[in-house]
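Residues: numbered from 1 along the sequence shown.
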Amino acid sequence: MADRLEMLDAMIAKGTDDPFVFYARAMEFRSRGDRAAALEAFTDVRDRFEDYVPTYLMAAQVCAEQEDLESARTWCNAGIERAKAAGDGHAEGELQAFLDELA
């Protein structure tokens, strides 16, 4: 069986419109320690599926790991707005807690 990243890339190449597939690809890069590729992939998820709220916290965490706190705050603030719009209080709370940690 192909590795996870190859499998996700194949699904994307076939034209999936499932945001989770794109998100899982970003998470796979993160799990491999490739923060630059992860952030690029999270940005792609945001650009394609701006309402996919989990993306924002994960991207903010990657930015914080890279010591780019300003970008982390930007991701958190955007995610809080998306979470509010989606009525996702849990995600909003997680994003706000992470944003507070960055202060």
Side-chain angles (χ1 to χ4, degrees):
M1 180 177 183
D3 84 351
R4 189 172 304 155
L5 187 56
E6 289 173 356
M7 179 187 68
L8 294 166
D9 283 340
M11 292 171 74
I12 291 169
K14 288 180 183 176
T16 185
D17 63 352
D18 182 351
F20 180 76
V21 174
F22 290 84
Y23 174 80
R25 182 175 179 269
M27 292 297 290
E28 183 62 23
F29 282 123
R30 185 178 185 195
S31 72
R32 292 176 181 214
D34 190 344
R35 292 182 183 132
L39 191 54
E40 184 178 322
F42 283 126
T43 299
D44 183 51
V45 176
R46 181 203 58 206
D47 292 349
R48 291 173 184 267
F49 312 100
E50 72 177 338
D51 293 333
Y52 197 72
V53 176
T55 302
Y56 295 89
L57 179 59
M58 295 299 110
Q61 288 175 348
V62 170
C63 289
E65 290 166 4
Q66 293 178 315
E67 299 183 18
D68 183 356
L69 301 184
E70 188 59 36
S71 292
R73 288 183 192 98
T74 298
W75 277 98
C76 283
N77 286 320
I80 289 167
E81 291 299 314
R82 298 310 324 150
K84 283 181 183 177
D88 189 340
H90 179 75
E92 181 184 347
E94 287 183 327
L95 283 154
Q96 185 62 58
F98 190 68
L99 181 60
D100 293 345
E101 288 177 24
L102 298 171

Problem - All pairs passing side chain to side chain donor-acceptor pair (under 3.5 Å) where residues 85-96 contributes a residue, at least two apart - result: H90-E94, Q96-D100
Problem - Qualifying side chain to side chain donor-acceptor pair (under 3.5 Å) pairs with a residue from residues 37-46, counting only residues at least two apart or across chains - result: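 Sorted result for residues 37-46: D44-R48.
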Handout entry: Non-hydrogen atoms of D17 and F49 that approach each other most closely
Key =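 Closest pair (atom of D17, atom of F49, distance): O-CE2, 3.5 Å.
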Handout entry: Non-hydrogen atoms of A83 and L95 that approach each other most closely
Key = CB-CD1, 4.5 Å
Side chains of residues 19-35: which donor-acceptor pairs under 3.5 Å do they make with residues two or more places apart or in other chains?
unit_1	atom_1	unit_2	atom_2	d
R25	NE	D9	OD1	2.5
E28	OE1	R4	NH1	3.4
E28	OE2	R32	NE	2.9
E28	OE2	R32	NH2	3.4
R30	NH1	Q61	OE1	3.0
R30	NH2	Q61	OE1	3.3
R30	NH2	E65	OE2	2.5
S31	OG	E28	O	2.9
R32	NH2	D3	OD2	2.7
D34	OD1	A37	N	3.1
R35	NE	E65	OE1	3.1

Problem - ILVMFWY network linking F42 to Y52, side-chain heavy atoms under 4.5 angstrom - result: yes
Handout entry: Residues in salt bridge (charged side-chain N to carboxylate O under 4.0 Å, His left out) contact with R82, at least two apart in sequence or another chain
Key =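 Partners of R82 under the salt bridge (charged side-chain N to carboxylate O under 4.0 Å, His left out) test: D51.
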Exercise for the section: With sequence neighbours excluded, tell me which residues meet salt bridge (charged side-chain N to carboxylate O under 4.0 Å, His left out) with E101. Expected result: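 Expected list: none.
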Problem - Pairwise distance CD1(I80) to CZ(F98) - rounded to 0.5 angstrom - result: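 Taking CD1 in I80 and CZ in F98, the distance rounds to 11.5 Å.
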When the side chains of residues 71-78 are checked against the rest of the protein, which donor-acceptor pairs come out under 3.5 Å, sequence neighbours left out?
unit_1	atom_1	unit_2	atom_2	d
S71	OG	D68	OD1	3.2
S71	OG	D68	OD2	2.7
R73	NH2	L102	O	3.0
T74	OG1	E70	O	3.0
N77	ND2	R73	O	3.2

